[in-house]
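Shown next, in structure tokens, is the structure this report addresses.
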Amino acid sequence: MISMQHFTAGLLTLMFCGMVWQIAQHGTAADSEEQQALRELGWLNSAKPEQDVSAAIRRGDHRFITWSDSQRQVPGLEQACAIPPHAINNMPGSITVAHQYEHRKLAAIAQVYAEEYNLQMSTWLQREGLWRCQAPA
């Protein structure tokens with residue numbers, strides 16, 4: 001017969017293993033999300049904003065870029081500029097929750113890339129008389 005002490009130890013071991021399994025599954029999901037974001041943002045390592053702006057202009061795409069739907073400020077432009085939603089292109093890839101070094105590095109590059117891209121685009125649009133920064137009414 002199994003003693004109560006052995007039964008309790010076995011039950012506690014099963015409970016502990018269950019908790020460890022749940023934690024491992026959650027960690028795996030978070031790691032998977034982070035790996036997906038790294039794949040989506042990997043292009044930033046070789047990105048060239050000036051060339052990308054030129055290509056966008058040739059395609060007739062004169063939108064500014066941001067990194068999330070909730071971002072109200074367009075990087076590289078004055079905060080007072082009124083940018084209509086149709087003039088913004090939300091780039092793929094998540095930079096909101098970055099835990100790994102590589103992800104944080106790509107998030108920093110994304111911010112600098114967006115600032116430069118938007119500065120180049122606004123300079124071209126202003127020179128062509130297609131847009132100028134105006135404070136919202």
Side-chain angles (χ1 to χ4, degrees):
M1 226 169 166
I2 298 176
S3 71
M4 188 58 127
Q5 184 178 10
H6 284 106
F7 176 77
T8 303
L11 185 60
L12 288 173
T13 301
L14 282 173
M15 289 172 58
F16 177 75
C17 289
M19 289 185 329
V20 168
W21 183 81
Q22 285 181 338
I23 290 169
Q25 291 304 312
H26 180 69
T28 301
D31 289 346
S32 177
E33 265 181 47
E34 189 117 20
Q35 293 306 315
Q36 175 66 28
L38 287 173
R39 282 190 298 277
E40 290 175 353
L41 295 171
W43 65 273
L44 286 163
N45 283 314
S46 60
K48 300 195 178 354
E50 290 175 5
Q51 291 176 5
D52 294 343
V53 167
S54 294
I57 290 168
R58 284 192 301 276
R59 289 191 314 271
D61 183 355
H62 304 149
R63 295 176 294 172
F64 298 107
I65 60 172
T66 63
W67 295 98
S68 74
D69 290 330
S70 64
Q71 191 172 0
R72 303 238 188 270
Q73 172 69 25
V74 174
L77 299 183
E78 293 181 34
Q79 196 165 8
C81 293
I83 311 292
H86 70 275
I88 296 174
N89 181 19
N90 295 304
M91 300 299 289
S94 172
I95 63 169
T96 54
V97 180
H99 300 289
Q100 295 177 4
Y101 167 76
E102 190 65 23
H103 195 176
R104 291 191 321 267
K105 181 178 88 172
L106 289 171
I109 294 170
Q111 182 64 29
V112 173
Y113 174 86
E115 289 171 2
E116 184 62 25
Y117 183 99
N118 292 333
L119 177 63
Q120 295 287 328
M121 183 62 77
S122 89
T123 299
W124 183 83
L125 289 169
Q126 289 179 58
R127 187 175 57 237
E128 297 298 312
L130 299 172
W131 178 82
R132 67 182 178 96
C133 177
Q134 293 179 329

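Just so you know, residue 1 is the first one in the sequence shown, and it goes up from there. When reading the values below, keep in mind they use all heavy atoms of this one structure, side chains included, and skip hydrogens, waters and symmetry mates.
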Test side-chain contact (heavy atoms from CB on, under 4.5 Å), reference T123, set M121, Q120, R127, output is R127

Tell me if the aromatic rings of W124 and H62 count as close, with their centers under 6.0 Å from one another. yes

Distance-minimising heavy-atom pair for [X] and [Y]:
X: E116; Y: P49; value: CG-CG, 3.6 Å
X: C133; Y: A80; value: SG-C, 4.4 Å
X: T66; Y: P75; value: CG2-CD, 4.0 Å
X: W43; Y: M91; value: CZ2-CE, 3.8 Å

Quick one, Q35 with Q100, criterion side chain to side chain contact (heavy atoms under 4.5 Å, CB included). Give me CA distance, side-chain angles, the key distance, then yes/no. CA-CA 9 Å; Q35 293 306 315; Q100 295 177 4; 3.2 Å; yes

Looking at E78, I want to see if its CD is surrounded by more than 12 non-hydrogen atoms of other residues, nucleotides or ligands under 6.0 Å. no

[X] versus [Y]: any side-chain heavy-atom pair under 4.5 Å?
X: Q134; Y: C81; answer: no
X: F64; Y: N89; answer: no
X: L41; Y: L44; answer: yes
X: E102; Y: L38; answer: yes

Would a hydrophobic clustering, with Ile, Leu, Val, Met, Phe, Trp and Tyr connected at side-chain separations under 4.5 Å, put [X] with [Y]?
X: I65; Y: L77; answer: yes
X: I109; Y: Y101; answer: no
X: L119; Y: W131; answer: no

Test: side-chain hydrogen bond (donor to acceptor under 3.5 Å, both in side chains). Region: residues 45-55. Which pairs qualify, not counting sequence neighbours? D52-Y113

Can you measure from CG (L130) to CG (L125) and round to the nearest 0.5 angstrom? 5.5 Å

